[in-house]
Amino acid sequence: ELSEDQLDQPFNAGLGSVRTTLEHTVGNVEVWTALMADRPLLARDRHGPRLALQVLVYPVTHYAFTTASYRENATGYLSANEGFKSGGFNGRANSATAIRSFDPETVWTYELGFKATTADRRLAGNFAVFYSEYEDFQARVSEVQNPGAPIPTFAFPVLNAAKLGIAGAEFEGIMLIGDATQVSTQIGWLDADYDEFDDPRVDLNPALAGLHEHVAFAPDWTARIAAQHSFFLGNGGVITVGGDASYRDDTWLSVDNREVLKQDAYTLVGLFGVYDTPGGSWQLRAGVRNLSDELYKTDAQEFSSVGN
């Protein structure tokens, strides 16, 4: 039996003390008992309504999923988070009149996920779906301030141009084959669209209208598959060899959708080898990330005065 002082001792379970931890636990048991037993029994005794499905939603108290109970059981979570990017001013202005301020960008992200591991730890998988909603999306664009002039003058303002929605899904899986071979995969899908895009440049240059059908840096599909095998040496060292292939769908590299500022879908292949010394004190690693010598773009900027 615990004394009053012992009950109020600090206790590292995230609830402050032994007393509050016990009260929290007892309360949870009462809630779960009511949900899992009372309601079905009540429906039985009253001869209806018949329960076809019972879904229990319980709040996640530790989002990192590092506690023993999370590691030992399948877990699901639902989260809602708000983020923002600070406002500022155009730091690339060429004149005092080109200095413009822009407002903060805000985003709400909602995510539903599930994480599971088999009892023998040979299979593990994570699945998540999410939706992000942006307000006052900050779009950095290039702007010709004197269309038609022999020598154009450029500015690179940031516009609070858009309302943007991004829906997506992600899957990760790992499988252990035997004692030394591991296979893993990741698949991602995005559906990114502007709900609206307010571009004041169109007043000066109507040709800019219709350049925002695609969200920059938001490929529809990404995927990766990898495999590795370890050789355990008699001296306690380990040699691991492996490889991977990754795919990235068509990607627009600028807010203004111009064909020359787009990267078509591509696949990269890599190989690696690792040696771990006995005891794991040192590791030697070598590899090739782009075995097929694929040429691809990762970023782009428009300079129409000299060509894109």
Side-chain angles (χ1 to χ4, degrees), residues 79-92 100-113 127-144 154-172 186-224 246-268 294-304 307-308:
S79 67
N81 299 285
E82 183 181 25
F84 80 100
K85 184 190 294 184
S86 297
F89 65 94
N90 177 21
R92 298 184 182 183
R100 309 172 191 169
S101 62
F102 51 91
D103 295 331
E105 169 188 300
T106 60
V107 58
W108 269 100
T109 296
Y110 310 92
E111 183 171 347
L112 174 66
F127 178 74
V129 292
F130 59 88
Y131 178 75
S132 296
E133 189 173 57
Y134 290 81
E135 294 281 347
D136 292 322
F137 178 72
Q138 295 173 3
R140 181 175 292 281
V141 298
S142 61
E143 180 182 68
V144 180
F154 270 87
F156 300 92
V158 175
L159 309 176
N160 290 117
K163 290 184 177 181
L164 168 63
I166 301 178
E170 297 176 344
F171 171 78
E172 298 178 342
Q186 296 92 36
I187 301 173
W189 169 78
L190 286 178
D191 181 19
D193 293 293
Y194 293 115
D195 297 327
E196 63 180 56
F197 197 102
D198 182 16
D199 190 347
R201 299 174 300 162
V202 176
D203 296 336
L204 291 176
N205 186 2
L208 295 176
L211 289 181
H212 309 114
E213 294 184 9
H214 305 278
V215 177
F217 302 102
D220 290 347
W221 290 98
T222 56
R224 179 178 179 269
S246 59
Y247 169 82
R248 188 176 182 90
D249 210 347
D250 295 347
T251 305
W252 297 87
L253 302 175
S254 69
V255 173
D256 292 337
N257 298 156
R258 302 180 186 275
E259 284 291 333
V260 292
L261 304 180
K262 173 189 173 186
Q263 173 59 52
D264 293 334
Y266 63 93
T267 300
L268 299 180
E294 182 82 19
L295 182 64
Y296 58 96
K297 302 184 289 286
T298 60
D299 202 351
Q301 178 66 61
E302 179 194 3
F303 289 97
S304 59
N308 288 315

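Nothing fancy with the numbering, it's 1 onward along the sequence.
For the pair Asn257 (side chain) and Glu213 (backbone), a donor-acceptor distance under 3.5 Å is present.
Environment of NZ in Lys163: sparse, with no more than 12 heavy atoms of neighbouring residues, nucleotides or ligands closer than 6.0 Å. The environment of Phe84 atom CZ is sparse: at most 12 non-hydrogen atoms of other residues, nucleotides or ligands sit within 6.0 angstrom.
By the 30° and 60° cut-offs, the orientation of the rings of Tyr266 relative to Tyr296 is parallel.
Nearest heavy atom pair, residue Gln263 against residue Lys297, reads OE1-N, 2.7 Å. Contact between Tyr131 and Gly165 at its shortest, heavy atoms only, is OH-CA, 3.8 Å. Of all heavy-atom pairs spanning Ser254 and Ala300, the tightest one is CB-O, 4.5 Å.
Atom OH in Tyr110 sits 6.5 Å away from atom CD in Glu133 (nearest 0.5 Å). One distance of note links CD of Glu105 with OG of Ser86; it measures 10.5 Å at 0.5 Å rounding. Separating the CG atom in Asp199 from the CG atom in Leu159 is a distance of 6.0 Å, to the nearest 0.5 Å. Separation of atoms CZ (Phe217) and CH2 (Trp252) is listed at 12.5 Å; rounding is to 0.5 Å. With rounding to the nearest 0.5 Å, the separation of CG in Asp193 from CG in Leu164 is 8.0 Å. Going from atom NE2 of His214 over to atom OH of Tyr194 covers 10.5 Å, rounded to the nearest 0.5 Å.
Side chain to side chain, Asp249 and Tyr247 meet the donor-acceptor criterion of an N or O pair below 3.5 Å.
Taking the side chain as every heavy atom from C-beta outward, Asp250 and Asp264 approach each other to under 4.5 Å. Looking at heavy atoms from C-beta onward, Phe130 lies in side-chain contact with Leu190 at the 4.5 angstrom threshold. Counting heavy atoms from C-beta on, the side chains of Asn160 and Gln138 come closer than 4.5 Å.
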Determine, step by step, whether His212 and Asp256 satisfy the side-chain contact (heavy atoms from CB on, under 4.5 Å) criterion, reporting the C-alpha distance in whole Å, the side-chain angles of both residues, the deciding distance to 0.1 Å, and the verdict. CA-CA 6 Å; His212 309 114; Asp256 292 337; 2.9 Å; yes

When you look at Thr267 and Glu294, which way does the side-chain contact (heavy atoms from CB on, under 4.5 Å) test go after all the steps? CA-CA 8 Å; Thr267 300; Glu294 182 82 19; over 6 Å; no

Test side-chain contact (heavy atoms from CB on, under 4.5 Å) on Ile166 and Tyr134 and set out the steps. CA-CA 8 Å; Ile166 301 178; Tyr134 290 81; 3.9 Å; yes

As a quick check of understanding, evaluate side-chain contact (heavy atoms from CB on, under 4.5 Å) for Thr106 and Asp136, giving each step before the final call. CA-CA 7 Å; Thr106 60; Asp136 292 322; 5.7 Å; no

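Remark: Thr109 engages Ser132 in a side chain to side chain donor-acceptor pair (under 3.5 Å) (not counting sequence neighbours).
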